[in-house]
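Following: one structure in structure tokens, then a few remarks.
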Amino acid sequence: MQLKHPSITSSVFKLIGTYEFDLLLGTQEDGDQFSLRIELLQSAEHKTLFRRKAWRSELFRIQSSFPQENTGEPKHAPSDEMVLTGFSQPHFLWCDDFHASNRKVALERVAMDIGKLLEHITSAP
């Protein structure tokens, strides 16, 4: 698939894999526990160009603005909702383009980068 327009500044990427696992950074008592989702995408034009995106799950308390009561207050109570947010940490951008010879090699690179990130964050091999 090729899209040609001056406003399009990258290749078109297709999602080829989604991977998710749970992390605990710190201790059970005071650590940060969340699910990390990794998306692997491949360029539709350049088969050796890949992109990865990393997302973490976050729990948000959300209050809808509408519908409203006659007083202008929201009709519905707040609710707690799980939302995926971009995961960016030092040395691991949430969206990063790179070259690899094939899907397997691309996934191995992402796994290696996650390992390096966790070593950096936790200071443990």
Side-chain angles (χ1 to χ4, degrees):
M1 172 183 218
Q2 291 187 348
L3 294 173
K4 298 292 182 190
H5 189 276
S7 297
I8 299 173
T9 62
S10 71
S11 291
V12 174
F13 287 84
K14 177 183 179 182
L15 180 64
I16 60 171
T18 305
Y19 309 89
E20 186 169 306
F21 52 92
D22 299 328
L23 284 176
L24 172 62
L25 301 177
T27 65
Q28 285 285 4
E29 295 79 33
D30 66 355
D32 188 11
Q33 188 167 7
F34 56 93
S35 293
L36 187 65
R37 177 176 292 203
I38 307 295
E39 296 176 348
L40 183 62
L41 301 98
Q42 185 175 27
S43 169
E45 301 168 65
H46 310 287
K47 297 302 178 191
T48 61
L49 182 61
F50 293 85
R51 174 177 284 182
R52 65 169 172 219
K53 289 188 177 186
W55 307 89
R56 68 176 279 163
S57 57
E58 295 277 353
L59 193 60
F60 285 93
R61 177 150 299 157
I62 297 175
Q63 174 69 63
S64 61
S65 301
F66 296 98
Q68 293 183 350
E69 301 283 357
N70 293 339
T71 62
E73 295 295 317
K75 269 190 178 180
H76 305 294
S79 63
D80 294 335
E81 303 294 336
M82 190 64 66
V83 177
L84 291 176
T85 61
F87 180 72
S88 59
Q89 292 290 329
H91 312 293
F92 193 84
L93 300 176
W94 78 276
C95 179
D96 186 19
D97 294 354
F98 62 95
H99 287 275
S101 56
N102 58 50
R103 177 183 183 159
K104 182 181 177 193
V105 172
L107 187 56
E108 288 171 357
R109 168 155 175 206
V110 171
M112 182 181 66
D113 288 346
I114 291 169
K116 287 179 183 177
L117 169 70
L118 292 175
E119 286 177 22
H120 175 76
I121 290 173
T122 62
S123 299

Checklist line | Leu15: partners by side chain to side chain contact (heavy atoms under 4.5 Å, CB included), with sequence neighbours left out | finding: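 Only Thr18, Glu39, Leu41 meet the side chain to side chain contact (heavy atoms under 4.5 Å, CB included) criterion with Leu15.
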Next item on the list: Could you tell me which residues satisfy side chain to side chain contact (heavy atoms under 4.5 Å, CB included) with Pro74, sequence neighbours excluded, listed by chain and number?
Entry: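 Residues passing side chain to side chain contact (heavy atoms under 4.5 Å, CB included) with Pro74: Gln63.
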Next item on the list: Return the minimal non-hydrogen interatomic distance between Ala54 and Ile38, and the atom names on each side.
Entry: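 What the structure gives for the nearest pair is CB-CD1, 3.7 Å.
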Check: What pairs with Thr71 under side chain to side chain donor-acceptor pair (under 3.5 Å), at least two apart in sequence or on another chain?
Finding: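 Side chain to side chain donor-acceptor pair (under 3.5 Å) check on Thr71 returns nothing, list empty.
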Margin query: Applying side chain to side chain donor-acceptor pair (under 3.5 Å), can you list everything that pairs with Glu108, at least two apart in sequence or on another chain?
Written below: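 Result, side chain to side chain donor-acceptor pair (under 3.5 Å) vs Glu108: none returned.
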Notebook entry, point to check: With sequence neighbours left out, what residues match Phe13 under ring pair (Phe, Tyr, Trp, His ring centres under 6.0 Å)?
Noted result: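 Phe13 satisfies ring pair (Phe, Tyr, Trp, His ring centres under 6.0 Å) with no residue once adjacent residues are dropped.
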Check: When the ring planes of Phe98 and Phe50 are compared, do they come out parallel, tilted or perpendicular, using 30° and 60° as the limits?
Finding: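 Because their plane-to-plane angle is under 30°, the rings of Phe98 and Phe50 count as parallel.
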Margin query: Under a 3.5 Å threshold, yes or no: a donor from one side chain and an acceptor from the other, between Ser43 and Glu45?
Written below: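 There is no such pair between these side chains.
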Are [Y] and [X] connected into the same hydrophobic cluster when the rule is that any two of I, L, V, M, F, W, Y join if their side-chain heavy atoms are below 4.5 Å apart?
{"X": "Leu59", "Y": "Trp55", "result": "no"}
{"X": "Val83", "Y": "Phe34", "result": "no"}
{"X": "Leu84", "Y": "Phe60", "result": "no"}

Notebook entry, point to check: Taking atom OG of Ser64 and atom NE2 of His76, what is their separation to the nearest 0.5 Å?
Noted result: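 With rounding to 0.5 Å, OG (Ser64) is 5.5 Å from NE2 (His76).
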Checklist line | Atom pair CG/CG of Asp30 and Leu25 - distance to nearest 0.5 Å | finding: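 Spacing of CG (Asp30) from CG (Leu25) equals 11.5 Å.
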Next item on the list: Using the salt bridge (Lys or Arg N to Asp or Glu O under 4.0 Å) rule, collect all pairs that involve residues 58-74, keeping only residues at least two apart or in two chains.
Entry: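 Counting only pairs at least two positions apart or across chains, the salt bridge (Lys or Arg N to Asp or Glu O under 4.0 Å) contacts touching residues 58-74 are Arg56-Glu58, Arg61-Asp80.
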Check: Which is it for Leu107 and Tyr19 under the side chain to side chain contact (heavy atoms under 4.5 Å, CB included) test, yes or no, and what are the steps along the way?
Finding: CA-CA 10 Å; Leu107 187 56; Tyr19 309 89; 3.7 Å; yes
Margin query: If you apply the rule side chain to side chain contact (heavy atoms under 4.5 Å, CB included), what do you find for Met82 with Ser35, and how did you get there?
Written below: CA-CA 11 Å; Met82 190 64 66; Ser35 293; over 6 Å; no
